[in-house]
Amino acid sequence: MVSAEVVRAAARPQRVRFGSLRRALRGLADSVLASLIGLLFGAALMWVFGYDALGAYAVLFRGAFMDPEGLMESMAVAVPLILTALTFSIGVRAGLFNIGAEGQMYLGAIGAIIVGSFMTVPVPFHLLAATASGMLFGLLWSLPVAVLKLARQVHEVFSTIMMNWVAYWLTIYLITYFLADPSRAERALPVKETARYQVIGATLTTVVIPALILALASYLILWRTTVGFEIRVTGSNIEASRYAGIRQFRVYLMSIALGGLTAGFAGASQVLGRPPSWTVYATLGNVMNIGYEGLGVALIGRNHPIGIIFAALFYGGLIHGGRFMEFYYGVASEIVRTINGIIIIALSVPELASLLKSAVRRGHGA
Amino acid sequence: MRVPNILLSRTLLIAAPIAGVALTSLLLSLMGVRTLGVIETTLLAMTPLVLAATGECLNERAGMVNVGLEGIIVISALFSVYWAEVYGSGLMGLVGGVVTGMIAGLLLGVLGTYLRANQIVVGMGINVAALGLVQYLLMAIWAFPGIHIFPRELMLDRIMIGIFGEQISVSPVTLFAFAAAVIAHLLLFNTKAGLWIRAAGDRPEALDVAGINVNRLRIVTSVISGGFAGMAGAFLPLVWFGGLVKEISAGRGFIALAAVAASGLNPLIALLATVVFGFSEAVAYSVAITPGVKEAVPFYLIQMSPYILTIAVLAALVKTRRFPRYLGKPYVRE
């Protein structure tokens, strides 16, 4: 019985064994290879339009990783990416394709602004309350996805994308009509001093600490709790999970709700933990696309919370370094997003690295 | 939660949207909105949806899923304008859009068959890549961020058609889209090729035994689907908007996908669904520009209506649909 085997395999305690180490290394090889493919594609794209690709990449990596200021900025960019990538990967672990982080993080930002800018809360609790409110809003926005999936079998790709667009217009509406800064109408009122995370350096704030804790917590939930176990069994083999008597209802609801919480925190982190704006612009410029980019980060990080942290730093570095590329070489920094897309496409192929290896071997006529 | 059978009968399925559209039109005309304008905009708004949905119906019948329609629409819109400017002709622009879409469809086709890639991931990769690529190319080609307006004479002409004793302008592309949906329906259910396509999604092993290359057939439908999405992309700037913006598609690729899912992969029912979606978009526009109405209804809220409607339609219909057994799964000979 295949299904019983899978249940037993998933139930085995996760110790560092050579098998799992080899698997992790193979995953790493895939991610590195895919990233190289993405970067090569980006270079080709620059070359076609007559840009100096090597020079552009040189300033990108130097600006993003080679000095403390740049590294801190890359980390600041990485923080929300970690969180939206968690949303996606917790979905994948349950067998869901949850791309709702985008809209849930808009709502998370709104939740943080409502408490952070418009409410008076005793000082020690203000930041906490604003953060919690952001997470709660993200959670609430994720629930319709679960309901539609469970009650009406609407595939989460559709419901999340549509909810993202509804969130987009709703957020602009709320900012314009209810939350606008009276002195500057193009943005929502910035959060009060008492609801801000402490600046460490560049635009990096202490919000990075709860973000990392959340990543660690998702790891513990997925690999050290019953719910996490049920989520992983359902994701790896739905037949086996039925056979084991796991209630899909609980698994999908938990996975989507946990994703809503982290996505909500991602939105809140851009408001409560990102100078200089401490708010959201009515164009949504400083929260837009982070949800979709989290998808690439999750895949590069092999949908593992710890892998995601490093993947987010890598991709955050690309985004931050892209600004230098734009400044010095005139290459539109959005090319980084194209590179991300190509990396995603490359990682869609299973066993990318071993596939290439066998192709090379065949090429040598062996 | 069970939907009563009467709600699923074909008659009602066809009558309900028509009644809904008629009722809303009546309401709008009472509010002082120009009805003919709404019809024209509906036709414009539904065309890219019909095109993308028609191609995707064929594709999904063959067992492929192209979640990248959105990205293909965006990137084809850009290349269609580029071709139109290079060749000085809107028609060449349309061709350029179709070719761009076909290339993207080929990529998905090859990855999703021979390389056994996860098609949903490929599609989302195309979407993410396209969003960045459009902004990069807008800068690289026209050196202006986020938006490009091209000369008006490159736009494709519309023709005047008499309806209810009045003249409305319709693009030939719209008429082509309707014809394509009908032809796709006939192809799927009345020809041998259609039988093969359906078998590729439901019984690939049977098709394989019959001597048809399943993977190659799927690549063909994927290229067709990409080409249709590419035409949808070209339609937006060259027939409708007269310019490019980075978020030109605004979720249309996904709405088309939703129409496909709600229709149960049936091109004609998908066509009907796109009428409803296109109409809701047209109503949103008219409400936003009609004096006396626009003050009462916030613009941003009315913008949500196509997306909410899409969710509602899916919630009502998807559960009752049956999809190919091998939808989105690569075929591996055992």
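Note that this is a predicted model, so its numbers are computed, not measured. Numbered from 1 within each chain, the chains take letters A, B, ... in sequence-line order. Any value given below was found using the heavy atoms of this structure, including those in side chains, with hydrogens, waters and symmetry copies removed.
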For the pair Leu314(B) and Arg152(A), evaluate side-chain contact (heavy atoms from CB on, under 4.5 Å) and give the outcome as yes or no after the intermediate values.
CA-CA 8 Å; Leu314(B) 285 174; Arg152(A) 307 299 316 160; over 6 Å; no
Look at Leu108(B), Ile120(B), Val318(B) and state which one has the largest set of heavy-atom pairs under 4.5 Å with chain A.
Ile120(B)
Given a strict heavy-atom distance threshold of 4.5 Å, which part of Val67(B) is in contact with chain A: side chain, backbone, both, or neither?
side chain
First locate atom OG1 of Thr310(B), then atom CE of Met163(A), and finally report the distance between them rounded to the nearest 0.5 Å.
13.0 Å
Non-hydrogen atoms of Ile344(A) and Gly125(B) that approach each other most closely:
CG2-CA, 3.6 Å
Heavy-atom distances under 4.5 Å only: say whether Leu295(A) touches chain B with side chain, backbone, both or neither.
side chain
Ile345(A) vs Ile126(B), side-chain contact (heavy atoms from CB on, under 4.5 Å): CA-CA, chis, key distance, verdict:
CA-CA 7 Å; Ile345(A) 294 174; Ile126(B) 291 177; 3.9 Å; yes
Which heavy atom of Leu115(B) sits nearest to which heavy atom of Val349(A), and what is that distance?
O-CG1, 3.8 Å
Against chain B, label Leu299(A) side chain, backbone, both or neither, depending on which of its atoms sit under 4.5 Å from a heavy atom there.
side chain
Taking the inter-plane angle between the rings of Trp165(A) and Tyr307(B) on a 0 to 90° scale, is it parallel (under 30°), tilted (30 to 60°) or perpendicular (over 60°)?
parallel
May I ask you to name which of Ala258(B), Gly132(B), Gly123(B) has the most heavy-atom pairs under 4.5 Å with chain A?
Gly132(B)
How about Phe249(A): does its CZ atom have over 12 heavy atoms from other parts shown lying under 6.0 Å from it?
no
Under 4.5 Å heavy-atom distance to chain B, tell me which part of Asn289(A) shows up: side chain, backbone, both or neither.
side chain
Check the pair Ile99(A), Met124(B) against side-chain contact (heavy atoms from CB on, under 4.5 Å), reporting the backbone distance first and the verdict last.
CA-CA 9 Å; Ile99(A) 38 181; Met124(B) 281 313 292; 3.8 Å; yes
Within the supplied structure, the quantity of interest is the number of heavy atoms (other residues, nucleotides, ligands) at a distance under 6.0 Å from Tyr328(A) OH; does it exceed 12?
no
Find the distance between CH2 (Trp169(A)) and CE (Met304(B)) and round it off to the nearest 0.5 Å.
9.5 Å
Counting heavy-atom pairs under 4.5 Å with chain B, the top scorer among Ala332(A), Ser348(A), Ser159(A), Gly330(A) is Ser348(A)
Report the distance from atom CD1 of Ile161(A) to atom CZ of Phe254(B), rounding to the nearest 0.5 Å.
3.5 Å
Let me know if Ala250(B) has heavy atoms under 4.5 Å from chain A in its side chain, its backbone, both or neither.
both
Met162(A)/Ile255(B) under side-chain contact (heavy atoms from CB on, under 4.5 Å): CA gap, chis, key distance, verdict:
CA-CA 8 Å; Met162(A) 296 303 143; Ile255(B) 294 179; 3.8 Å; yes
Honestly, the part of Leu111(B) sitting under 4.5 Å from a heavy atom of chain A is side chain
Once the angle between the rings of Tyr51(A) and Tyr136(B) is folded into 0 to 90°, is it parallel (under 30°), tilted (30 to 60°) or perpendicular (over 60°)?
tilted
Val154(A) versus Ile311(B): any side-chain heavy-atom pair under 4.5 Å?
no
In Å, rounded to the nearest 0.5 Å, how long is the span from CG of Leu174(A) to CG of Leu301(B)?
8.0 Å
Part of Ile302(B) within contact of chain A (heavy atom distance under 4.5 Å)
neither
Hey, does Arg337(A) have a side-chain heavy atom less than 4.5 Å from the side chain of Gln135(B)?
yes
At a heavy-atom separation under 4.5 Å, does Leu170(A) approach chain B through its side chain, its backbone, both, or neither?
both
One option among Ala346(A), Gly341(A), Ala167(A) has the most heavy-atom pairs under 4.5 Å with chain B, and it is Gly341(A)
Is the closest side-chain heavy-atom distance between Tyr300(B) and Tyr177(A) below 4.5 Å?
yes
Is Thr176(A) close to chain B through its backbone or its side chain, or both, or neither, when contacts mean heavy atoms under 4.5 Å?
side chain
Measure across Pro350(A) and Arg116(B) and return the closest heavy-atom pair with its distance rounded to 0.1 Å.
CD-O, 3.2 Å
So which of Val122(B), Leu107(B), Val134(B) has the biggest tally of heavy-atom pairs under 4.5 Å with chain A?
Val122(B)
Check whether Phe97(A) gets within reach of chain B through its side chain, its backbone, both or neither, counting any heavy atom under 4.5 Å.
side chain
Roughly how far apart are Lys246(B) NZ and Glu334(A) CD, rounded to 0.5 Å?
8.0 Å
Around atom OH of Tyr331(B), are there more than 12 heavy atoms of other residues, nucleotides or ligands at under 6.0 Å?
yes
